[in-house]
2 protein chains.
Amino acid sequence: MDDLTEMLKGTLEGCVLDIIGAEETYGYAITRRLNELGFTDVVEGTVYTILLRLERNGLVQVAKRPSGVGPPRKFYTLNDAGREERARFWAKWEYVSSRIDKLREGGR
Amino acid sequence: MDDLTEMLKGTLEGCVLDIIGAEETYGYAITRRLNELGFTDVVEGTVYTILLRLERNGLVQVAKRPSGVGPPRKFYTLNDAGREERARFWAKWEYVSSRIDKLREGGR
DNA sequence: TACCAGTACAACGTATCACCGAGTACCGGA
DNA sequence: TCCGGTACTCGGTGATACGTTGTACTGGTA
């Protein structure tokens, strides 16, 4: 699939939020997860910018722990604000995607 | 629904493309159509930027005609390149939205 | 020992996009 | 005559994903 960049704007952060919400995890693993989900072009740099943004906005709790197979990892968990934001994201997604699907079906 | 700006990036242009593809129309009417579709915060300035971009990228054919109820209108129609782009948009949308829905259902 | 691949994160700059605001202009009705 | 509705243009702003480069730790292997 060719360039999805623009279409991922505004949704990628929500996806990361959701992945963290499912279980405590770290940047490198999140990137792999997104790749295997089908977003093959998403690179580490992108995910780390999102993670730093989430941290700066106070949506996640961070814990640095050694990994054994490389440098230490920063593990992320959602806090209350993060869980709220995640719910808001899915509400928005539901809203937007349902309306676009309506347009597609020629819904006048 | 609160701010959808970021989530519309990359999809709004596709929506406009689709609306034009359905029938010959003009900026002001496209804005109204998007508003009634549920994208109530989309304003004329935004739509006109998209239309100028579509024109610059050679995806539409333009015809200026008097309106009778105000200043002349610029009517837009998709050309071959525009129809291709529209198809590409829906393919991308199908791809992205299906994968996000999968994430949402906890699809591991 | 020296090198390399895999893992892991950070920081810089860039392009694109939706939005905002202000401006121009045409028309009909109160 | 003014005002609301119609209709388009243009310049600037902020948010976001991406590309690139750099740092650094580990284990395997030639």
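Each chain gets a letter, A, B and so on, in the order its sequence line appears, and its residues count up from 1.
Separating the CG atom of B/Asp2 from the P atom of C/dC19 is a distance of 14 Å, rounded to the nearest angstrom.
To the nearest 0.5 angstrom, A/Ile50 atom CD1 is 8.5 Å from A/Cys15 atom SG. A distance of 10.0 Å separates OG1 of B/Thr46 from CG of B/Leu34, quoted to the nearest 0.5 Å.
By the side-chain hydrogen bond (donor to acceptor under 3.5 Å, both in side chains) test, B/Asp41 is found to be paired with no residue, residues two or more places apart in sequence or in another chain being considered. Residues forming a salt bridge (charged side-chain N to carboxylate O under 4.0 Å, His left out) with A/Asp80 (at least two apart in sequence, or on another chain): A/Arg83. Scanning for side-chain contact (heavy atoms from CB on, under 4.5 Å) contacts around A/Ala29 gives A/Thr25, A/Tyr26, with sequence neighbours left out. Remark: A/Asp2 engages B/Arg88, B/Lys92 in a side-chain contact (heavy atoms from CB on, under 4.5 Å) (not counting sequence neighbours). In terms of the salt bridge (charged side-chain N to carboxylate O under 4.0 Å, His left out) criterion, A/Arg99 has no residue partners (sequence neighbours excluded).
At a threshold of 4.0 angstrom between heavy atoms, the contacts of B/Thr46 include nucleobase atoms, whether or not backbone atoms are also involved.
Interface residues of residues 78-100 of chain A facing DNA chain C, ordered by number: none; criterion, heavy-atom separation under 4.0 Å. Against DNA chain D, the stretch residues 6-18 of chain B makes heavy-atom approaches under 4.0 Å through B/Glu6, B/Lys9.
For the side chain to side chain donor-acceptor pair (under 3.5 Å) condition, the pairs that include at least one residue of residues 56-72 of chain A, sequence neighbours left out, are A/Glu24-A/Arg65. Among residues at least two apart or in separate chains, salt bridge (Lys or Arg N to Asp or Glu O under 4.0 Å) pairs with a member in residues 42-53 of chain B are B/Glu13-B/Arg53, B/Arg32-B/Glu44. Identified under the ring-ring contact (aromatic ring centres under 6.0 Å, His included) test for residues 33-72 of chain B, with sequence neighbours left out: none.
Within the 4.5 Å cutoff, side-chain heavy atoms of A/Leu4 are placed close to those of B/Tyr95. Looking at heavy atoms from C-beta onward, A/Leu51 lies in side-chain contact with A/Tyr76 at the 4.5 angstrom threshold.
Along DNA chain D, the stretch of nucleotides lying under 4.0 Å from any heavy atom of chain A spans, 5' to 3', D/dT16 to D/dT26.
The nearest pair of heavy atoms linking A/Ile20 to A/Val60 is CD1-CG1, 4.3 Å.
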Contact pattern, 5' to 3', of nucleotides 3-10 of chain C - B, S or - by protein heavy atom under 4.0 Å
----BSBS
